[in-house]
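Have a look at the structure below before the remarks.
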Amino acid sequence: QVQLVESGGGSVQAGGSLRLSCAASGRTFSTDRVGWFRQAPGKEREFVASASWSAVGGGIYYADSVKGRFTISRDNAKNTVYLQMNNLKPEDTAAYYCAARGGQPLASVWIRQPSSYDDWGQGTQVTVSS
């Protein structure tokens with residue numbers, strides 16, 4: 001099991017930027033699949049981005065709503081994954097969660113499903129005002 005801690009959330013105006021961090025402890029997750037999800041009040045948790053840098057089953061995926069604006073990256077030395085969010089919109093307002101899955105690679109059809117991930121952080125709030 002890996003423990004995940006998100007940080008970097010806050011309040012920004014539309015068009016602004018934030019960088020979320022997901023720091024892992026308990027094991028190195030350099031070969032895990034790591035996902036970012038978000039949940040707005042009254043809505044279901046939705047997929048934002050996912051990445052695996054593993055030689056087998058690796059790849060980066062984005063939700064259509066954030067493609068071109070958000071970038072997922074990692075720093076192996078810090079055991080940390082980032083979500084750079086640019087040109088933020090009010091509809092990006094939500095609690096953002098980091099999730100990880102080790103073990104066997106995920107088939108692409110499952111990458112966007114929250115239930116495919118085993119470990120979750122506590123979330124960090126992002127609020128975008130118009």
Side-chain angles (χ1 to χ4, degrees):
Q1 192 174 15
V2 64
Q3 290 75 46
L4 305 174
V5 178
E6 303 97 333
S7 61
S11 298
V12 296
Q13 290 191 326
S17 298
L18 286 172
R19 188 178 77 160
L20 306 184
S21 300
C22 174
S25 61
R27 72 163 190 265
T28 178
F29 71 171
S30 60
T31 58
D32 283 12
R33 173 156 292 281
V34 180
W36 285 97
F37 293 80
R38 66 187 182 188
Q39 189 167 18
K43 294 188 176 181
E44 292 188 352
R45 191 163 296 189
E46 67 170 351
F47 171 77
V48 175
S50 179
S52 171
W53 293 272
S54 175
V56 178
I60 297 178
Y61 299 78
Y62 295 98
D64 288 343
S65 59
V66 306
K67 201 172 293 183
R69 300 189 296 123
F70 291 11
T71 303
I72 189 170
S73 64
R74 69 173 179 177
D75 184 333
N76 281 345
K78 297 182 178 179
N79 214 26
T80 297
V81 171
Y82 302 98
L83 184 69
Q84 177 67 44
M85 307 186 296
N86 297 328
N87 190 21
L88 283 161
K89 303 177 181 180
E91 52 264 42
D92 295 319
T93 295
Y96 282 70
Y97 298 88
C98 173
R101 173 192 168 93
Q104 294 296 317
L106 271 176
S108 59
V109 67
W110 300 112
I111 285 173
R112 292 171 170 81
Q113 302 303 316
S115 59
S116 297
Y117 297 79
D118 302 313
D119 302 295
W120 290 82
Q122 83 290 348
T124 185
Q125 179 67 34
V126 172
T127 302
V128 185
S129 58
S130 57

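On a predicted model such as this, the values are computed, not experimentally measured, just so you know. Sequential numbering from 1 along the given sequence is applied to the chain's residues.
Note that CD of Gln122 and CG of Leu4 are 9.0 Å apart. Values are rounded to the nearest 0.5 Å. For the atom pair Ile60 CD1 and Trp53 CH2, the distance stands at 5.5 Å (nearest 0.5 Å). Of the inter-residue distances, the one linking Ser50 atom OG with Arg112 atom CZ reads 8.5 Å to the nearest 0.5 angstrom.
A side-chain contact (heavy atoms from CB on, under 4.5 Å) with Thr93 is found for exactly one of Val128, Leu88, Val12, namely Val128.
Minimum interatomic distance between Leu20 and Gly9 (heavy atoms only, all atoms of both residues): CD2-N, 3.6 Å. Between Val2 and Ser25, the closest heavy-atom pair is CG2-O, 3.1 Å. When all heavy atoms of Tyr96 and Val48 are compared, the pair lying nearest together is CE2-CG2, 4.2 Å. The shortest heavy-atom contact between Ile111 and Phe37 is O-CZ, 4.3 Å. Residues Ala94 and Ala40 share a closest heavy-atom pair of CB-N, 3.9 Å. When every heavy atom of Asn79 is checked against every heavy atom of Arg27, the shortest pair comes out as ND2-O, 3.1 Å.
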Audit row: Phe47, Tyr61, ring-ring contact (aromatic ring centres under 6.0 Å, His included) steps and yes/no:
CA-CA 10 Å; Phe47 171 77; Tyr61 299 78; 7.5 Å; no

Show the numbers, then the answer: is there a side chain to side chain contact (heavy atoms under 4.5 Å, CB included) between Asp92 and Arg38?
CA-CA 9 Å; Asp92 295 319; Arg38 66 187 182 188; 2.9 Å; yes

Start with the C-alpha gap between Arg101 and Tyr117, add the side-chain angles, then the distance that decides, and say whether side-chain hydrogen bond (donor to acceptor under 3.5 Å, both in side chains) holds.
CA-CA 5 Å; Arg101 173 192 168 93; Tyr117 297 79; over 6 Å; no

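A cation-pi arrangement is present between Arg19 and Tyr82 under the rule of less than 6.0 angstrom and at most 45 degrees off the ring axis. Under a cutoff of 6.0 Å and an axis angle of 45°, Arg33 and Trp110 do not form a cation-pi pair.
Val81 is connected to Leu83 through a chain of hydrophobic side-chain contacts under 4.5 Å among Ile, Leu, Val, Met, Phe, Trp and Tyr, so both are in one cluster.
A salt bridge links Asp64 with Lys67: at least one charged nitrogen is closer than 4.0 Å to a carboxylate oxygen.
Between the Glu6 side chain and the Cys98 main chain, a donor and an acceptor come within less than 3.5 Å of each other.
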